Amino acid sequence: MAKIVVDVMLKPEILDPQGVAVSAALPRLGFNFAKSVRQGKRFEIEVEGEPTPVQLAEVEKAAETLLANPVIETFTVRVEK
Amino acid sequence: MAKIVVDVMLKPEILDPQGVAVSAALPRLGFNFAKSVRQGKRFEIEVEGEPTPVQLAEVEKAAETLLANPVIETFTVRVEK
Amino acid sequence: MALDTVSIAQNNPDTSQPFAELGLKPDEYARIKEILGRRPTSSELAMYSVMWSEHCSYKSSKVHLKQFGEKAVKTDALLVGIGENAGVVDVGQGYAVTFKIESHNHPSFVEPYQGAATGVGGIVRDILTMGARPIAVMDPLRFGPADAADTRRVLPGIIAGVGGYGNCLGLPNIGGEVVFDETYIGNPLVNALCVGVMKHSDIKLAKAAGAGNLVVLYGAKTGGDGIGGVSVLASETFESSGPAKRPAVQVGDPFVEKVLIECSLEIFAEDLVVGIQDLGGAGLSCATSELASGGSGGMKVELDRVPLRDATLSPEEILMSESQERMCAIVEPKNIARFLEICKKWDVTVTVIGEVTDGERLEITWHGDLIVDVPPRTVAHDGPVYNRPLAKPEYVDRVNAETVSVPRPKTADEIKATVLKLAATPNLADKSWVTSQYDRYVQGNTIQSQPDDSGMVRIDEKTHLGVAVATDANANWSYLNPYEGAKLALAEAARNIATAGAKPLAVTNCLNFGSPEDPGVMWQFAESVRGLADGCLEMGLPVTGGNVSFYNQTGAVAILPTPVIGVLGVIDDVRTRTPMSFDRAGLDLYLLGETADDIAGSEWAYMHGQRGGSAPVADLQREMRLIELLVAGRTSKIFTAAHDLSQGGLSASLTEMVLRYHVGADIKVENVEIALISETPGRVIVAIEPVVKEQLLALAKKHEIVITRLGTTGGQDLVINGAIIPLEELRKAHSETFPKLFG
Amino acid sequence: MKVGVVTFPGTLDDRDAARAATNAGTTSISLWHGDADLKGVDAVILPGGFSYGDYLRCGAISRFAPVMEKIIDAANGGMPVLGICNGFQVLCEAHLLPGALTRNHELHFLCRDQKLEITNNKTSWTTSFSMGQEVVIPLKNGEGSFQCDDATLATLEGEGRVIARYVGENPNGSRNKIAGITNERGNVVGLMPHPEHAIDTLTGPTADGLGFFTSVLKALVK
Ligand SMILES: Nc1ncnc2c1ncn2[C@@H]1O[C@H](COP(=O)(O)OP(=O)(O)O)[C@@H](O)[C@H]1O
Ligand SMILES: [Mg+2]
């Protein structure tokens with residue numbers, strides 16, 4: 001069994017209110033490492049056996065139509081060990 | 001400038017209604033690859049220069065206190081190229 | 001990156017400019033040159049192009065809309081009329097109420113959630129700008145057929161967006177509409193209405209008076225939202241170093257808006273602003289030019305001071321950006337310290353970006369270089385005005401001549417089947433799948449919300465003064481006869497206020513139409529405006545504001561003409577309102593108003609694919625008598641319940657009444673094949689205790705309203721002429737439709 | 001008796017909570033998130049809303065507000081604290097109550113009149129009710145599904161610390177239909193539905209919610 005991960009992030013030019021809220025909260029708690037924070041979604045998809053190229057292409061397709069909203073988001077698909 | 005990524009997922013024993021909804025929606029759209037889907041959060045944190053071990057420890061701390069709720073979530077911290 | 005300044009424009013008069021790509025016609029471009037005595041800088045061109053767009057300048061609609069002022073009755077209740085961000089009416093006890101509808105149709109098609117969310121955000125800022133605390137929202141919506149793929153894509157997102165934004169602002173959602181029709185495929189309509197309340201003395205206007213006063217921008221930072229079009233300019237004029245493609249989508253942050261509201265109200269309470277304007281369509285271009293022209297005209301702005309979310313934005317883009325959750329205030333220097341302090345308390349970003357001058361020009365600089373130097377009136381108010389050709393479309397006479405042929409329920413089985421079918425059809429089905437996603441309780445003053453005829457909120461907790469608002473549009477009737485359609489929508493909205501016993505006071509509207517470049521659409525529009533203006537004149541109600549949305553069109557197919565009319569009413573004591581339904585047995589039911597065979601444009605006809613015949617003719621004198629009767633009946637405590645008849649006729653209204661508190665009724669009507677499904681306007685069902693029968697009959701007589709006894713309340717069935725419909729079965733039919741469609 | 005009502009940026013039901021507390025006969029005092037000062041109040045309500053937009057997780061950011069340090073100390077010292085909806089989420093994030101509130105299982109914001117059964121009438125906020133009493137008060141939230149691990153659930157149930165349960169269909173997927181819980185001592189209560197919106201039948205479905213506020217008055221005067 002393998003795990004395919006789809007990461008979905010808002011496009012850089014799109015306002016990310018959640019990321020802004022986290023950026024603002026960190027220094028209030030004494031954490032000063034962040035120049036900026038963006039918050040996105042992570043999908044962990046379990047598939048039977050090793051993912052085939054065909055399967056990965058399907059996942060790409062699903063990411064584009066369901067998991068991400070291409071109007072405002074970008075996504076990446078990868079296999080995680 | 002480097003990017004630190006914090007992935008936050010619900011613990012396996014905690015109900016994940018979003019993951020369940022995605023699992024159910026995929027086959028309706030003709031996608032049959034998924035055995036199960038879990039949905040979590042991904043934080044992309046930009047930091048100045050190469051992250052130091054001290055900085056990474058700070059991020060761990062921030063993840064534990066703010067970005068994730070250890071009662072229901074687990075997290076991982078890593079540097080992304 | 002080269003900056004186009006006023007002196008460059010003067011020295012290089014022949015530089016070619018992408019005015020056509022920005023939507024300007026050659027003669028409009030020529031006029032700008034004439035106004036300025038030179039070619040515009042690229043920043044000026046950007047400003048003029050957005051401010052002279054249909055959306056901001058009302059260039060196709062202005063010549064018609066002016067009837068709302070010309071035909072208006074003079075009323076002392078109107079404190080601020082058309083022309084400001086929203087009109088303001090006096091509701092007594094020192095209170096003033098402001099309300100307005102706006103459309104966010106196209107953005108909601110592109111990105112349903114954000115489009116709808118920012119639609120709510122925008123109208124709320126318009127209301128806030130008047131100095132009012134926003135107290136409620138409503139959302140009249142239109143979609144393609146309920147089972148169409150496009151509807152399944154846009155509807156859930158739009159509902160979630162309306163709820164996501166409104167809920168987070170803490171504004172109760174007290175009403176709206178959900179209507180389906182093929183013509184809205186690809187053109188969903190998202191209209192949002194907001195109501196606000198203030199004391200008379202707190203009214204604020206968009207004007208920048210007093211040389212030396214400061215221009216203050218506060219709220220969210222400026223990003224590249226909603227400037228898709230303007231990036232044409234940036235990329236044509238410069239080698240743009242920013243992201244090549246700017247998003248046309250605006251993303252809202254309701255949390256920032258909530259904080260902005262509280263911060264602004266605290267600023268207003270201390271009387272720290274001279275004038276104020278929200279940033280909506282056309283962003284800073286609109287706010288600066290409108291504020292300046294609302295005052296003496298002079299204003300200097302240092303554009304490079306604007307806090308940016310995206311450092312790569314060009315000055316043109318900053319001027320155009322439609323980033324949400326921003327306000328622009330004019331503040332006297334002596335008050336600025338306190339202003340900044342309140343912003344700090346609420347953690348709101350605030351920047352002084354310029355000052356009012358005693359000149360007559362709006363001057364904008366970028367790091368010291370003059371990039372805009374214009375008379376602000378020419379940007380904000382002197383846009384082009386078109387008297388577009390209009391022609392009665394060919395279809396009108398043709399469809400008016402058609403006879404409607406639909407099944408007519410006569411037997412008990414047919415009656416039952418008809419009632420169940422109407423109860424379940426998406427246009428009439430229970431909307432709680434939608435409304436349960438909206439908070440209706442927040443603020444603790446909601447007296448009525450869905451599924452009541454109107455929304456009602458208390459505005460004073462001691463005196464129990466309240467206001468009621470309803471919106472209506474009957475696009476089927478408007479299609480058959482736009483003049484009557486607008487009047488009928490007005491009458492229906494007013495009636496929906498009056499069933500609760502509130503007195504109609506003022507009107508707002510959102511006119512949703514196809515392309516104004518189509519003479520047929522333009523005729524529909526002109527007829528609708530004429531109908532609404534005549535109707536308001538006859539009913540003595542002022543139009544306090546509104547919004548026009550054109551180009552709701554897919555290819556050659558325009559949406560049905562959809563003038564959404566909002567009516568605001570006042571009620572001196574909300575505790576005495578007449579509820580929409582009865583909660584006990586043993587009451588008598590009466591129908592107020594006469595029933596004719598009005599099937600054309602009805603829901604029953606629509607369900608049978610019929611869109612012909614002639615719309616009813618509005619009888620506004622009768623409507624006004626009915627309204628008076630309803631208000632009088634409330635004050636003399638005659639009614640136990642009152643409910644309006646509209647789409648779906650008697651069948652739909654009875655369904656809604658018996659299901660409201662799960663108490664049945666036994667009804668007998670003559671001519672059931674007409675009575676059950678006809679949509680004759682001007683009718684209301686009332687429930688009374690049998691002992692007040694004579695009072696009711698006297699009241700009806702006094703107001704010359706025909707009254708017919710329908711039956712009595714009680715039991716676990718709705719019984720019509722002996723046809724027994726168990727409430728459980730009726731409820732199932734009524735409530736299953738939405739969950740099944742949208743799950 | 002003074003009941004403090006906290007306002008965070010994004011709090012929505014603070015005026016409503018204050019109105020309810022006042023109607024029940026207490027004096028309501030407004031507390032600002034940024035002030036580490038409880039102004040001498042005898043009890044505290046954390047009202048509903050979307051504090052800090054409820055971005056990240058509901059209540060996650062607000063629980064670090066200066067006023068919360070004082071509230072945590074006071075709660076540990078026995079002061080009655082009621083968290084409603086967002087306030088319940090804040091109490092869980094602050095570890096004054098166990099478990100967490102997560103997305104409703106239908107994934108929608110849900111506003112409806114909800115029937116509840118009162119299952120513990122011994123806490124500072126529930127003595128006005130009888131055991132097993134059914135009440136109807138509005139539920140309105142997007143993340144109201146109470147979740148915790150099995151051990152915590154067993155403890156809550158075993159110690160009778162579930163104070164209210166949904167009656168009928170589970171509206172949001174909460175474990176064991178839990179609508180509200182209390183701490184061991186019974187002074188800290190978290191409740192997802194909104195009793196402050198059920199204080200009279202003019203503006204709410206019932207007046208059942210008033211009992212929470214009269215209970216605390218009794219707790220304070222005794
Ligand atoms: N259909 C209409 N009926 C009456 N007034 C209208 C209508 N459409 C627009 N207006 C008025 O024209 C003015 C400008 O409208 P608009 O540009 O939408 O204002 P804003 O930019 O503040 O939203 C407002 O006062 C508005 O109320
Ligand atoms: Mg405006």
Side-chain angles (χ1 to χ4, degrees), chain A residues 1-10 12 16 18-19 21-68 73-80, chain B residues 1-10 12 16 18-19 21-68 73-80:
Chain A
M1 218 160 55
K3 188 155 77 183
I4 303 179
V5 173
V6 181
D7 287 323
V8 177
M9 299 298 293
L10 283 167
D16 170 17
Q18 313 205 59
V22 173
S23 295
L26 285 171
R28 283 201 301 271
L29 301 183
F31 297 112
N32 296 305
F33 51 79
K35 273 201 57 191
S36 83
V37 181
R38 307 274 297 170
Q39 180 175 336
K41 293 176 199 154
R42 172 185 167 90
F43 296 91
E44 295 187 356
I45 304 170
E46 273 190 25
V47 297
E48 207 69 75
E50 267 319 287
T52 60
V54 174
Q55 223 170 24
L56 281 174
E58 280 238 287
V59 176
E60 285 271 346
K61 193 102 214 313
E64 207 180 303
T65 46
L66 180 70
L67 304 181
E73 293 170 327
T74 57
F75 64 88
T76 59
V77 173
R78 67 204 150 78
V79 181
E80 202 160 89
Chain B
M1 220 156 58
K3 188 154 78 182
I4 302 179
V5 173
V6 180
D7 287 324
V8 176
M9 298 299 291
L10 282 168
D16 170 19
Q18 310 194 81
V22 172
S23 294
L26 285 170
R28 282 203 301 271
L29 299 177
F31 299 112
N32 296 306
F33 51 77
K35 274 202 52 187
S36 83
V37 182
R38 306 276 298 169
Q39 180 175 336
K41 295 177 195 151
R42 171 185 167 93
F43 297 90
E44 294 187 355
I45 303 171
E46 272 191 24
V47 298
E48 208 69 75
E50 269 315 288
T52 59
V54 175
Q55 224 172 21
L56 281 174
E58 279 238 288
V59 176
E60 285 272 347
K61 191 103 211 311
E64 204 180 303
T65 47
L66 182 69
L67 302 182
E73 294 168 326
T74 58
F75 65 89
T76 59
V77 174
R78 65 204 151 81
V79 181
E80 200 160 272

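Just so it is clear, the values below take in all heavy atoms, side chains as well, and ignore hydrogens, waters and symmetry mates. In what follows, every chain begins at residue 1, and chains take the letters A, B, ... in the order their sequences are listed. Computed from a predicted model, the values in this text were never measured in an experiment.
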*Side chain, backbone, both or neither: which part of B/Leu29 has a heavy atom under 4.5 Å from chain A?*
side chain
*Does B/Gln39 reach the side chain of A/Arg42, with side-chain heavy atoms less than 4.5 Å apart?*
no
*Return the option, out of A/Arg38, A/Lys61, A/Gln55, with the maximum number of heavy-atom pairs under 4.5 Å with chain B.*
A/Arg38
*With rounding to the nearest 0.5 Å, note down the distance linking CG in A/Leu67 to CG in B/Leu26.*
6.0 Å
*Go through the atoms of A/Val6 and report whether side chain, backbone, both or neither lie under 4.5 Å from a heavy atom of chain B.*
neither
*Enter the distance from B/Leu66:CG to A/Arg28:CZ here, rounded to the nearest 0.5 Å.*
9.0 Å
*Hey, could you give me the CZ/CD distance between A/Phe43 and B/Gln18, rounded to the nearest 0.5 Å?*
7.5 Å
_Measuring only between side-chain heavy atoms, which start at C-beta, is A/Thr65 closer than 4.5 Å to B/Phe31?_
yes
_To the closest 0.5 Å, what do you measure between CD (A/Glu44) and CG (B/Asp16)?_
10.0 Å
_Heavy-atom pairs under 4.5 Å with chain A: which of B/Val59, B/Val47, B/Val22, B/Val8 has the most?_
B/Val59
